[in-house]
**Student:** 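The structure is given below, and queries will be raised subsequently.
Heavy atoms only: backbone and side chains are in, while hydrogens, waters and symmetry mates are out.
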Amino acid sequence: MQSLQDKQAVIMLTRLYEQDFDALYQIMEQSFPADEMRPYDAQKSLFKNNDFFAYGVKDADGILTAFITLWKMDGFTFGENFAVDKSRRGSGLGSEIISRAVEMSKERFILEVEPPETQIAKRRIAFYERAGFTLNDYDYTQPPLAKGQNSLKLMIMSTGGGLEKREFDDIKAQLYRKVYGVK
């Protein structure tokens with residue numbers, strides 16, 4: 001995966017590396033509850049995994065303002081974490097990032113969302129639907145990311161329309177094995 005710049009866009013997704021990690025993790029901490037994040041060292045170690053990629057947007061001063069983390073899977077790309085710094089939310093930056101990430105993947109793009117049980121979850125699902133994602137109605141639980149954390153009841157969203165049950169089962173198996181280390 002390489003950086004992608006749209007000739008007419010003002011943002012550029014830049015590949016992030018381990019030296020960008022502290023800024024990325026700071027945005028994660030302001031954006032995700034504890035059960036939706038790996039501990040610092042575990043998250044940082046992902047940069048050594050050849051199937052894990054992080055991309056971000058930096059402002060004119062080189063400050064990271066948003067990021068998305070991706071996993072290259074067999075037949076799809078998984079968007080694991082995606083966040084915009086609080087000061088930049090509502091600016092359209094998130095829409096640009098998700099659009100570029102989907103375009104970069106060149107294949108089906110998968111992500112996890114909370115079930116539509118709260119207003120925030122419903123708004124997040126609507127955001128992804130506007131970006132071309134479909135909410136799939138299959139039972140899915142994200143395993144705990146660390147010892148002492150809870151598993152999370154989530155749902156899978158996908159580009160390219162809804163998933164057939166066999167596709168969902170394959171995606172779930174790959175996520176469990178490669179991303180969460182569960183057999």
Side-chain angles (χ1 to χ4, degrees), residues 1 16 21 24-55 66-84 89 94-95 97-98 101-102 104-105 107-183:
M1 297 185 162
L16 301 178
F21 179 73
L24 180 149
Y25 202 75
Q26 183 176 4
I27 295 172
M28 283 185 82
E29 288 180 312
Q30 66 177 239
S31 304
F32 297 99
D35 282 338
E36 294 181 25
M37 293 176 44
R38 287 178 184 82
Y40 180 93
D41 289 336
Q43 187 70 37
K44 189 173 187 177
S45 73
L46 295 179
F47 281 84
K48 293 176 178 36
N49 186 312
N50 291 333
D51 295 319
F52 176 85
F53 301 88
Y55 290 87
F67 74 89
I68 188 165
T69 61
L70 308 172
W71 288 84
K72 177 69 180 113
M73 308 300 264
D74 183 22
F76 67 97
T77 298
F78 173 58
E80 183 178 20
N81 295 112
F82 168 49
V84 176
R89 292 182 188 156
S95 296
I97 291 169
I98 200 67
V102 168
M104 280 171 43
S105 77
E107 57 192 350
R108 190 180 283 268
F109 198 101
I110 302 296
L111 49 83
E112 301 164 331
V113 294
E114 295 168 345
E117 298 168 352
T118 66
Q119 283 305 108
I120 291 172
K122 288 175 186 174
R123 283 199 320 261
R124 191 170 292 124
I125 290 167
F127 167 82
Y128 288 121
E129 287 174 338
R130 287 190 301 276
F133 285 82
T134 301
L135 185 64
N136 294 277
D137 194 24
Y138 298 109
D139 286 333
Y140 179 79
T141 301
Q142 179 194 71
L145 294 171
K147 199 173 208 169
Q149 288 184 338
N150 296 307
S151 59
L152 298 171
K153 175 81 172 128
L154 297 175
M155 296 181 80
I156 296 290
M157 294 191 80
S158 57
T159 58
L163 298 170
E164 303 269 336
K165 178 70 167 115
R166 63 172 180 69
E167 291 174 298
F168 169 80
D169 290 341
D170 176 62
I171 287 167
K172 179 180 173 182
Q174 285 192 58
L175 292 176
Y176 273 37
R177 185 178 64 254
K178 193 180 270 190
V179 176
Y180 302 115
V182 175
K183 298 204 188 286

**Student:** Report the C-alpha distance between V84 and F67 in whole Å, list the side-chain angles of each, state the deciding distance to 0.1 Å, and finish with yes or no for side-chain contact (heavy atoms from CB on, under 4.5 Å).
**Tutor:** CA-CA 7 Å; V84 176; F67 74 89; over 6 Å; no
**Student:** Considering only NZ, NE, NH1 and NH2 on the basic side and carboxylate oxygens on the acidic side, decide whether K178 and D74 come within less than 4.0 Å.
**Tutor:** no
**Student:** I'd like to know if the side chain of Q149 and the backbone of M37 have a donor-acceptor N/O pair within less than 3.5 Å.
**Tutor:** yes
**Student:** Under 6.0 Å between ring centres, would you say that holds for F109 and F133?
**Tutor:**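 Ring centroids of F109 and F133 are less than 6.0 Å from each other.
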**Student:** Charged N to carboxylate O under 4.0 angstrom, R38 versus E80?
**Tutor:**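 Yes, this pair counts.
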**Student:** Would you find a donor on one side and an acceptor on the other, under 3.5 Å apart, between the side chain of S45 and the backbone of K48?
**Tutor:**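 Checked: no pair found.
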**Student:** Find the distance between CD (Q26) and CD (E29) and round it off to the nearest 0.5 Å.
**Tutor:** 7.5 Å
**Student:** Does the side chain of I110 come within less than 4.5 Å of I156's, by heavy atoms?
**Tutor:** yes
**Student:** Going from OG on S158 to CZ on F76, what distance comes out if it is rounded to the nearest 0.5 angstrom?
**Tutor:**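 CZ of F76 is found 10.5 Å from OG of S158.
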**Student:** How far apart are the C-alpha atoms of V179 and M73, what are their side-chain angles, what is the distance that settles it, and do they pass the side-chain contact (heavy atoms from CB on, under 4.5 Å) test?
**Tutor:** CA-CA 9 Å; V179 176; M73 308 300 264; 4.0 Å; yes
**Student:** Counting heavy atoms not belonging to D137, are there more than 12 under 6.0 Å from its CG?
**Tutor:** no
**Student:** At what distance, to the nearest 0.5 angstrom, does OG1 of T134 lie from CD1 of I125?
**Tutor:**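 Going from OG1 on T134 over to CD1 on I125, the span is 12.0 Å.
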**Student:** State whether the number of non-hydrogen atoms from other residues, nucleotides or ligands found under 6.0 Å of E129 atom CD is greater than 12.
**Tutor:** yes
**Student:** Out of curiosity, L175 CG to Y140 OH, how far, rounded to the nearest 0.5 Å?
**Tutor:**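 The OH atom of Y140 is 4.5 Å from CG of L175, to the nearest 0.5 Å.
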**Student:** Determine whether S95 and F127 make a side-chain contact, defined as any pair of heavy atoms from C-beta on separated by less than 4.5 Å.
**Tutor:**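 Sidechains of F127 and S95: in contact.
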**Student:** State, yes or no, whether a side-chain contact exists between S151 and Q142 at a heavy-atom distance under 4.5 Å.
**Tutor:**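 Side-chain contact under 4.5 Å: no.
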**Student:** Compare every heavy atom of A66 with every heavy atom of I97, then report the nearest pair and how far apart it is.
**Tutor:**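 Taking every non-hydrogen atom into account, CD1-CB, 3.3 Å.
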**Student:** If you look at every heavy atom in G94 and F82, which pair is closest and at what distance?
**Tutor:**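 That closest heavy-atom pairing would be O-CZ, 3.3 Å.
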**Student:** Heavy-atom distance under 4.5 Å between the side chains of L24 and L16, does that happen here?
**Tutor:**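 Yes; the side chains approach each other to less than 4.5 Å.
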**Student:** In terms of side-chain heavy atoms, does T77 have a donor or acceptor partner in E107 at a distance below 3.5 Å?
**Tutor:** yes
**Student:** For this output row, return yes or no: ring centroids of F52 and F47 closer than 6.0 angstrom.
**Tutor:** yes
**Student:** Using every non-hydrogen atom in the two residues, find where G79 and L111 come nearest and quote the distance to one decimal.
**Tutor:**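 Heavy atoms of G79 and L111 come nearest at O-CB, 3.6 Å.
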**Student:** Can you tell me if N136 uses its side chain to pair, donor with acceptor, with the backbone of Y138 under 3.5 Å?
**Tutor:** no
**Student:** Show the numbers, then the answer: is there a side-chain contact (heavy atoms from CB on, under 4.5 Å) between L145 and D35?
**Tutor:** CA-CA 7 Å; L145 294 171; D35 282 338; over 6 Å; no
**Student:** CG of L152 to CD of E36: how many Å apart, nearest 0.5 Å?
**Tutor:**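 Between L152 CG and E36 CD, I get 5.5 Å after rounding to 0.5 Å.
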**Student:** Is any side-chain heavy atom of V113 less than 4.5 Å from a side-chain heavy atom of L135?
**Tutor:**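 With C-beta onward as the side chain, the pair touches.
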**Student:** Does some side-chain heavy atom of P116 sit less than 4.5 Å from a side-chain heavy atom of M155?
**Tutor:** yes
**Student:** How would you list all residue pairs meeting salt bridge (Lys or Arg N to Asp or Glu O under 4.0 Å) that involve residues 159-170, not counting sequence neighbours?
**Tutor:**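 Applying salt bridge (Lys or Arg N to Asp or Glu O under 4.0 Å) to every pair that reaches into residues 159-170, excluding sequence neighbours, yields R108-E167, K165-D169.
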**Student:** Kindly indicate whether the side chain of F53, heavy atoms from C-beta on, has any atom under 4.5 Å from the side chain of T69.
**Tutor:** no
**Student:** Taking only residues two or more places apart in sequence, or in another chain, which ones meet R124 in a salt bridge (charged side-chain N to carboxylate O under 4.0 Å, His left out)?
**Tutor:**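 With sequence neighbours excluded, R124 shows a salt bridge (charged side-chain N to carboxylate O under 4.0 Å, His left out) to E114, given in chain and number order.
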**Student:** Which residues satisfy the ring-ring contact (aromatic ring centres under 6.0 Å, His included) test with Y25, sequence neighbours excluded?
**Tutor:**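 Per chain and number, Y25 pairs via ring-ring contact (aromatic ring centres under 6.0 Å, His included) with F21, Y40.
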**Student:** How about I68 and I98: do any of their side-chain heavy atoms sit closer than 4.5 Å?
**Tutor:** yes
**Student:** Going from CG on N81 to CD on Q43, what distance comes out if it is rounded to the nearest 0.5 angstrom?
**Tutor:** 5.5 Å
